[in-house]
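Each remark here refers to the structure printed beneath this line.
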Amino acid sequence: MPDDAATPPRNTKQGFATRMSHAGRAGTHAHGFVNPAVHRGSTVLYPNVQARKDLGAKRFDQVMTYGTAGGPTHYALEDVVAEIEGGTRTMIVGTGLAAVAVPLLAYLKAGDHCLVPDSVYGPARNLCEGLMKGWNIETTFYSPTIDEAGIAALMRPNTKVVYAESPGSHTFEMQDIPALARAAHAGGAKLLMDNTWGLKHFRPFEHGVDVSIQALTKYLVGHSDALLGSITVNTEEDWLIVRGAGSAMGHYASPDDVWLGLRGARTMAVRMVRQEQSGIEVAEWFEAQPQVLAVMHPALPSHPGHALWKRDFTGAASLFGVVFKPEFSEAEVWAMVDSLSLFGIGASWGGYESLALPTTGFVTRTATNPDAGGMMVRFHVGLEDPADLIADLGAAMARMGR
Ligand SMILES: *Cc1c(COP(=O)(O)O)cnc(C)c1O
């Protein structure tokens, strides 16, 4: 904690929006301004040599010793994210993918085994099948809808990590996180979870997760103008492992980007409410269209994972998939997406702007059937008026006919 103010005790009785307004402010005030300054820097000066020795020993404790240990801007965002996730400590890294890689590499070494859902974010799969495989770390991809007995049966003596992501990337399967946690812990493994979709809607540590991963690039930054990731833990033991690995690999985030993240956090609560409502409105509209086979949105009662979502989540992100009926060809679906005027075609999500991304043929599944029954398109609903989005979609779908 920076030395000029103490962090007030967390008040979990306050609402999320209140906490997002007040978290991460202690110790960041500069001349009375409400927001922290952007503290750029590599060198930090010590008053004397003894101080250098003393502070160096506390370098994982929000102590400014050198640029890579972070500064007040980083510490403010660390506190905000720890508050969102309900964890004790957070490390901010440069991208969401770095936040995936650091804990995987922190807990796994040569000869170890990890269990990863088939629906995992694609670049995480690449890490498992590429670098980690080369280092003799074996990955078994499992069906994301596996039950507790199923995951327990896949555990080996050398299984050190069970990885989870709920809902899954592109195909939106819901995972039974408490069941995974029980099986992982019974076998002596850690449960790591990519909680980017859940963000404020899923409290990972209340469901047995040991390490929670966020691509802050999404709703927290919220404006599609910076990349950031976070790794949050709930014990000192996990903190030393994760922070130690992140530091050993030189992970860091630009203070300018961190400042953009802090700015995003101040309005995130209202953006997420609006985007959740608009997302459900658009998803329900899709469900009523004759061209649509299924809508992959966990908040819709038709979703196979709806009961799990209802049990464990308090809300939904505005990111979901639409499966078109099998009579619609790839060319027809791509032409529909191309004709949209309010939806951009691009990766990422959580920003203020809507996106549409055909995903059939772009996602890899090796443990489960990749065929959803028709062409898939992933939609991200931004902050536009939902009536305008639906009008745009309606015009594009009308061109598909049938
Ligand atoms: C975007 C994303 C990431 C990676 O975040 P970047 O900041 O783009 O590296 C990781 N996990 C999920 C689920 C994501 O959607």
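When a ligand or atom number is given, it counts from 1 through the structure's own listing order. The shown structure was predicted, so the numbers you read here are calculated from the model rather than taken from an experiment.
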Pair Thr90-Glu85, side-chain donor/acceptor within less than 3.5 Å: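 Note: Thr90 and Glu85 side chains miss the donor-acceptor criterion.
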Pair Glu173, Thr171: side-chain N/O donor-acceptor within cut-off below 3.5 Å: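 Yes, because at least one side-chain N or O of Glu173 sits under 3.5 Å from a partner of the opposite role on Thr171.
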Intermediate values then yes/no, side chain to side chain contact (heavy atoms under 4.5 Å, CB included), His113 and Met155: CA-CA 9 Å; His113 172 242; Met155 295 287 296; over 6 Å; no
Distance to 0.1 Å, residue and atom name: give those for the protein heavy atom nearest to [atom].
atom	result
atom 6 (P) of ligand 1	Gly96 N, 3.4 Å
atom 9 (O) of ligand 1	Leu97 N, 2.9 Å
atom 7 (O) of ligand 1	Thr217 OG1, 2.6 Å
atom 4 (C) of ligand 1	Tyr121 OH, 3.3 Å
atom 8 (O) of ligand 1	Leu227 CD2, 3.8 Å
atom 15 (O) of ligand 1	Lys218 NZ, 2.6 Å

Distance in Å, Asp210 CG paired with Asn234 CG, rounded so as to fall on 0.5 Å steps: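 Separation between the atoms: 9.0 Å.
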Approximate separation, where rounding is to 0.5 Å, of Phe286 CZ and Phe320 CZ: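 It is 5.5 Å, given to the nearest 0.5 Å.
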Minimum side-chain heavy-atom gap Thr139-Tyr163 below 4.5 Å: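 They are not in contact (no side-chain heavy atoms under 4.5 Å apart), so the answer is no.
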Closest to atom 5 (O) of ligand 1 (judged by heavy-atom distance), picking from Ala215, Ser348, Ala347, Gly122: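 Answer by nearest heavy atom: Ala215.
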Contact partition for Thr95 relative to ligand 1, non-hydrogen atoms under 4.0 Å: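 Both parts.
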Side chain, backbone, both or neither: Asp194 near ligand 1, heavy atoms under 4.0 Å: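 Near ligand 1, Asp194 shows its side chain, while the N, CA, C and O stay back.
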N/O separation below 3.5 Å, Glu165 to ligand 1: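 Not met; the criterion fails.
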Ligand 1 to Val100 polar contact by distance, N or O atoms, under 3.5 Å: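 It does not: no N or O of Val100 is found under 3.5 Å from an N or O of ligand 1.
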Ring geometry between Trp349 and Tyr219 (parallel below 30°, tilted from 30 to 60°, perpendicular above 60°):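 Geometry flag for Trp349 against Tyr219: perpendicular rings.
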Heavy atom of Trp349, distance to ligand 1 below 4.0 Å: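 It does, in that a heavy atom of Trp349 comes within the 4.0 Å cut-off of ligand 1.
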Minimum-distance pair of heavy atoms, taken over all atoms of Leu77 and Gly261: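 Taking every non-hydrogen atom into account, CD1-C, 4.1 Å.
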